[in-house]
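Whatever order the structure lists them in is the order used to number ligands and atoms, beginning at 1.
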Amino acid sequence: MSKLTAAIKAVGAYVPDFVLTNKILETMVETNDEWITSRTGIKERRILKEEGQGTSYMAIRAAKDLIRKRNLDPKEIDLVLVATATPDLMVAATAAYTASEIGATNAFSYDLQAACSSFLYGMSTAASYIESGRYKKILLIGADKMSSIIDYTDRTTCIIFGDGAGAVLFEPNTEGLGLQDEFLRSDGIGREFLKMDAGGSMLPASEETVRNKQHYVYQDGKSVFKFAVSNMADVSAKIMERNGLTHEDVHWLVPHQANKRIIDATAKRMGLDAEKVMINIHKYGNTTSATLPLLLHDYEQQLKKGDNLVFAAFGGGFTWGSIYLKWAYNP
Ligand code: UT7
């Protein structure tokens with residue numbers, strides 16, 4: 001019997017309607033469109049404005065988009081994974097609520113958190129379950145409501161992040177398509193550079209933590225940038241080398257959308273031309289766990305069966321890695 005691999009067989013997405021442009025940000029903090037565009041590549045981002053709604057609101061819609069496109073019976077789904085750094089609630093899994101709301105009544109479900117690498121790591125998790133032969137349909141959703149943890153008076157973070165969700169369906173494949181190899185890493189040194197200080201077990205919420213604005217994301221951008229550039233490029237080059245891939249063999253780079261300059265550096269190291277690099281940072285900003293599936297959604301019509309895709313991400317923790325995957329279907 002041929003080897004069982006885990007292939008992506010469907011994609012779905014959801015972004016909120018409200019568009020927060022650089023022009024609007026100019027009226028909120030001391031910044032300007034030229035600075036944001038040249039330093040990050042971002043023009044606008046989406047913000048979830050619906051009162052009382054969290055990450056699951058977007059995760060559910062991305063999943064329903066996939067279910068509709070694929071004409072899938074949600075009862076066939078075995079596992080729902082929600083990759084997120086901004087769950088609806090601290091204890092109850094966002095994935096459990098999402099699974100129930102989409103009718104995945106035969107699935108188990110849980111959340112997966114590794115900051116901006118959550119979805120990339122989730123691909124590894126989903127693929128491992130499939131390769132084990134125990135499960136046949138795994139829905140992996142990357143969703144984040146970053147606006148819920150951003151200080152909109154802090155120009156160093158509020159210009160970067162946006163809200164959104166994307167979903168993919170992993171299924172077994174016997175044609176050798178799907179996930180081929182992965183190179184995943186982490187380093188706890190990064191916890192000082194990109195974090196939210198309060199609200200966790202180390203520093204629970206108090207009047208003081210709220211007063212000190214410790215429930216917002218803090219980022220030492222320059223340091224994170226340096227780590228991100230070298231590590232994302234390293235792992236991407238490494239996975240090519242390990243699998244004997246030249247720049248001609250790689251059809252697409254699917255990079256985490258944190259900064260256009262980090263993406264350009266990674267592509268350069270891989271020897272890839274710009275037209276092979278998936279980009280949507282200009283319209284969504286950094287949506288944390290949602291960047292990779294949103295790219296797949298935006299580029300789905302251009303992907304062909306057998307295309308070689310290299311995914312790469314870098315995020316808080318630090319966490320980072322790359323995945324080599326063969327696309328499994330035509331538009
Ligand atoms: O996704 C998870 C991982 N995260 C990342 O990978 C993000 C990595 N970091 C970055 O993308 C970049 O470091 C940032 C986009 C966050 C910042 O860009 P930078 O080129 O590193 O800028 P900087 O922090 O070195 O600041 C340069 C200057 C400073 O002014 P002075 O000290 O040179 O006078 C800042 O105060 O730009 C100033 N500045 C701004 N100016 C206008 C900082 N933020 C802004 C702003 N508008 N929004």
Any protein heavy atom sitting closer than 4.0 Å to [atom]?
atom: atom 24 (O) of ligand 1; value: no
atom: atom 36 (O) of ligand 1; value: yes
atom: atom 1 (O) of ligand 1; value: yes
atom: atom 4 (N) of ligand 1; value: yes
atom: atom 29 (C) of ligand 1; value: no

Inset, instruction - Quick one: look up the protein heavy atom nearest atom 46 (C) of ligand 1 and list residue, atom name and how far away it is. - result: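 Here the closest protein heavy atom is Thr31 OG1, 3.3 Å.
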Legend entry - Closest protein heavy atom (residue, atom, distance) for atom 20 (O) of ligand 1: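 Scanning the protein heavy atoms, the shortest distance from atom 20 (O) of ligand 1 goes to Arg39 NH1, 2.7 Å.
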Legend entry - Part of Phe225 with heavy atoms under 4.0 Å of ligand 1, whether side chain, backbone, both or neither: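 Both parts.
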Inset, instruction - Report the part of Asn286 (side chain from C-beta onward, or backbone N, CA, C, O) that has a heavy atom under 4.0 Å from ligand 1; answer both or neither where that applies. - result: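 The answer is the side chain.
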Legend entry - Charged N-O contact under 4.0 Å between Lys238 and Glu241: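 No, no charged N to carboxylate O under 4.0 Å.
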Legend entry - Salt-bridge contact Arg242-Asp181 (side-chain N to carboxylate O under 4.0 Å):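 Yes.
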Legend entry - Lys/Arg cation over aromatic Tyr329: Lys305, 6.0 Å, 45° cone: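 Because its charged atom misses either the 6.0 Å distance or the 45° angle limit, Lys305 does not stack over Tyr329.
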Inset, instruction - Count the heavy atoms of every other residue, nucleotide or ligand shown that sit under 6.0 Å from OH of Tyr97, and state whether that count exceeds 12. - result: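 Open: at most 12 neighbouring heavy atoms sit under 6.0 Å from OH of Tyr97.
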Legend entry - Qualifying residues under ring pair (Phe, Tyr, Trp, His ring centres under 6.0 Å), relative to Tyr299, sequence neighbours excluded: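 So Tyr299 forms a ring pair (Phe, Tyr, Trp, His ring centres under 6.0 Å) with Trp252.
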